[in-house]
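Working notes for the structure below.
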Amino acid sequence: MITNYIAAILRGGNPGDTVTVKGWIRSKREAKEFAFVDINDGSCMANIQVVIDKDVPDYATILKQINTGASIELTGELVESPAKGQRVEVKASQVKIHGEADPETYPLQKKRHSFEFLRDIGHLRSRTNTLSAVFRVRNACSAAVHQFFQERGFLWVHTPIISASDCEGAGEMFNVTTLNLKNVPLTPEKEIDYSKDFFGKAAYLTVSGQLEAEVMAMAFGNVYTFGPTFRAENSNTSRHLAEFWMIEPEMAFCDLLEDMDLAETFLRYIFKYVMEHCQADMEFFNERIDKTVLATAENIINNQFERLTYTNAITLLEKSGQKFEYPVSWGLDLQSEHERYLAEEVFKKPVILTDYPVDIKSFYMRLNDDGKTVAAMDILAPKIGEIIGGSQREERLDLLEQRLTAQGLNPADYWWYLDLRRYGTVPHAGFGLGFERLVQFMTGMTNIRDVIPFPRAPLTVEF
RNA sequence: UCCUCGGUAGCUCAGUGGUAGAGCGAUCGACUGUUAAUCGAUUGGUCGCAAGUUCGAAUCUUGCCCGGGGAGCCA
């Protein structure tokens, strides 16, 4: 077990300390009488430099085993480094190689690799500077999410991964079945007979935990989900995954304005947390991945998001004189190009759009008094597009039933969801946040497959 | 799923009808308190797969597979 991370040694170690370093070799520079070895254990961006003199036991054998990718454990004295590049280094006295890595076949070089190539070696790519930085930031984001909600008394609720309902028509679903696919039981009408299946009815991987989160909010007030979500869409883009993590807070006794305030405070909190906990990683992204990463983070932390209604956004786009590929007119959904124009060109910061036409939004969103719009809000981020989607939910039973029917859904399928309006209904609101898009936005990584350790996407399930 | 660009050495790429190339990596050597070390030499190929055109195809044609970027769906 690693008890003394390289991050801790580099930060707090003093010359004269005896230290043990365990990790993987990044590079070796050999001289006649000694060798420099750079070791990384994933705890930080920096490597620790180790000097191995020829008087170390088994020097000749060990030196042959020291290659990029090999695992190493060594003990030595921490000394002040006589050369530039590091404050301290380790003068090794005992060295053990746990596992060699054949340099002829080990795929990672000391040089930069393309992310496309690294995706083909998903089991090794976390050993690179960029991917390890991404996953440290991802971890910090996760911790920040929980800390934010826990500080505010929100209950973390575990909503199911297997679900019987397509809760919001959010997209194609993965079937979950134990039926024998070579001999599927059929009903007299030649439909698949799910009564013979494991659950006695059709079941799917969840596309959202929102409806269940609403159930829990009606008992605990403020709750949030943070877990995996699945979409079987054949989406081949740098912003979509078949398996992704979603954060969905749901608040009872809450309206759209409070919902927006919470979402904005939440994003600001996460950015601040990561800037404080992953400074070196963030500087690395700013230098190597996207020169605007630090400025964006400062922008989020220090500025109010722009807020305007869908209707005003349409007017603004129509008057902009900008040429768009897709038409702009009231009643049509905004396209990526429109969202990006607003966030990147007009306001140059996140934009919260509210009050969308009822016909382009989901059934559960609360109808506004004008009868034409719903209390929905989307947060649009530069370069990423929609990062948060939320709404005040329809708490009035009759209106909710009307909306279900109008969208071609059967209210009977939603009996327990409707019961929440029959028994002690309250105004409530919530939002959903794609966790990987947050990490993308934070790090400047352009492809969503590079911000999750094991991406699932069409034809992508190897690692 | 649609549009578009691409697939040549372990990696990144050049090569557009006539003997398969470079840089990096790796290997060997030299040198050096080095820092993606440096210098020299060596090594390295089913040109994505299949069919076709041609005296001759990495190069032209067709189909398929895979990847990047963009779009749709959405988070």
Side-chain angles (χ1 to χ4, degrees), chain A residues 26-38 46-53 64 67-69 79-86 89 91 101-121 124 128-129 168-172 206-210 225 228-248 288 324-326 333-340 360-362 378-381 384-390 431-441 446-452 457-460 462:
Chain A
R26 283 290 178 82
S27 79
K28 166 177 70 169
R29 293 176 294 279
E30 219 177 315
K32 240 198 189 79
E33 308 283 300
F34 58 93
F36 296 105
V37 183
D38 290 333
N47 303 321
I48 196 163
Q49 174 162 289
V50 177
V51 183
I52 302 179
D53 275 319
K64 277 205 166 54
N67 290 302
T68 304
V79 297
E80 232 170 279
S81 182
K84 280 183 195 164
Q86 57 280 316
E89 63 190 27
K91 190 178 183 317
D102 181 0
E104 301 265 14
T105 57
Y106 186 66
L108 289 173
Q109 305 171 5
K110 288 180 241 177
K111 279 218 155 191
R112 208 190 110 69
H113 289 291
S114 68
F115 292 122
E116 293 84 353
F117 172 67
L118 292 176
R119 272 170 231 146
D120 290 338
I121 48 167
L124 298 172
T128 63
N129 282 340
E168 49 174 309
E172 290 295 310
T206 184
V207 294
S208 165
Q210 184 197 312
T225 73
T229 311
F230 308 87
R231 305 277 166 90
E233 302 284 351
N234 189 14
S235 296
N236 293 288
T237 83
S238 54
R239 300 182 310 282
H240 291 86
L241 291 165
E243 176 181 308
F244 63 100
W245 285 60
M246 194 146 63
I247 298 154
E248 295 169 296
R288 299 291 188 87
F324 294 112
E325 192 184 337
Y326 289 87
D333 210 351
L334 294 178
Q335 301 294 316
S336 288
E337 57 174 345
H338 309 136
E339 297 180 345
R340 293 188 59 159
I360 60 174
K361 287 292 183 182
S362 298
D378 283 356
I379 301 187
L380 313 177
I384 304 292
E386 186 185 332
I387 189 167
I388 284 182
F431 61 84
L433 169 70
F435 185 59
E436 283 74 19
R437 291 206 180 154
L438 176 67
V439 179
Q440 263 191 292
F441 188 36
T446 53
N447 195 311
I448 200 166
R449 297 174 193 204
D450 300 327
V451 298
I452 185 168
L459 301 173
T460 304
E462 181 73 16

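In the text below, chain A, chain B and the rest are named by the order of the sequence lines, each starting its count at 1.
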Review point. Reckon A/F117 touches a base, only the sugar-phosphate, or nothing at all at heavy-atom distances under 4.0 Å?
Key: sugar-phosphate
Check your understanding: Does A/H113 have any ring-ring contact (aromatic ring centres under 6.0 Å, His included) partners at least two apart in sequence or in another chain, and if so, which?
Key -> A/F117
Revision key, fill the gap. Residues at least two apart in sequence or cross-chain that pass side-chain contact (heavy atoms from CB on, under 4.5 Å) with A/E80, listed by chain then number, are A/P15
Check your understanding: Less than 3.5 Å between a donor and an acceptor, one on the side chain of A/S235 and one on the base of B/C74, is that the case here?
Key -> no
Practice item. Would you indicate what A/E89 reaches in the nucleic acid, counting non-hydrogen atoms under 4.0 angstrom: base, sugar-phosphate, or nothing? Key: base
Practice item. Could you check whether A/Q86 gets within reach of a base, just the sugar-phosphate, or nothing at all, counting any heavy atom under 4.0 Å? Key: base
**Study point:** Step-by-step ring pair (Phe, Tyr, Trp, His ring centres under 6.0 Å) determination, A/H338 to A/Y326
**Key:** CA-CA 9 Å; A/H338 309 136; A/Y326 289 87; 7.2 Å; no
Practice item. Please work out if A/Y326 contacts a base, only the sugar-phosphate, or nothing of the nucleic acid, heavy-atom cut-off 4.0 Å. Key: sugar-phosphate
Review point. Across the strands shown, which category fits A/T105 at heavy-atom distances under 4.0 angstrom: base, sugar-phosphate, nothing?
Key: nothing
Could you go over nucleotides 24-26 of chain B and give all protein N or O partners under 3.5 Å, atom names and distances?
residue : atom : partner : partner atom : Å
B/A26   : O2'  : A/E104  : OE1          : 3.0
B/A26   : O2'  : A/E104  : OE2          : 3.4

Revision key, fill the gap. Relative to its sugar, using the 90° cut-off around 0, the base of B/U59 is anti
Review point. Checking all strands, does A/L438 fall into the base, sugar-phosphate, or nothing category for heavy-atom contacts under 4.0 angstrom?
Key: nothing
Check your understanding: Considering residues at least two apart in sequence or located in another chain, which fulfil the side-chain contact (heavy atoms from CB on, under 4.5 Å) criterion with A/N67?
Key -> A/K28, A/P103
Below 3.5 Å is the cut-off: list the nitrogen or oxygen pairs between protein and nucleotides 28-32 of chain B, distance only.
residue : atom : partner : partner atom : Å
B/C31   : OP2  : A/K32   : NZ           : 2.4
B/U32   : O4   : A/E30   : O            : 2.6
B/U32   : O4   : A/A31   : N            : 3.2
B/U32   : O4   : A/K32   : N            : 3.4

Do any N or O atoms of the protein come closer than 3.5 Å to N or O atoms of nucleotides 63-68 of chain B, and which pairs are they?
residue : atom : partner : partner atom : Å
B/G68   : OP1  : A/R119  : NH1          : 2.7

Exercise for review: Ignoring backbone atoms, establish whether A/S27 has a side-chain N or O less than 4.0 Å from OP1 or OP2 of B/A37.
Suggested key: yes
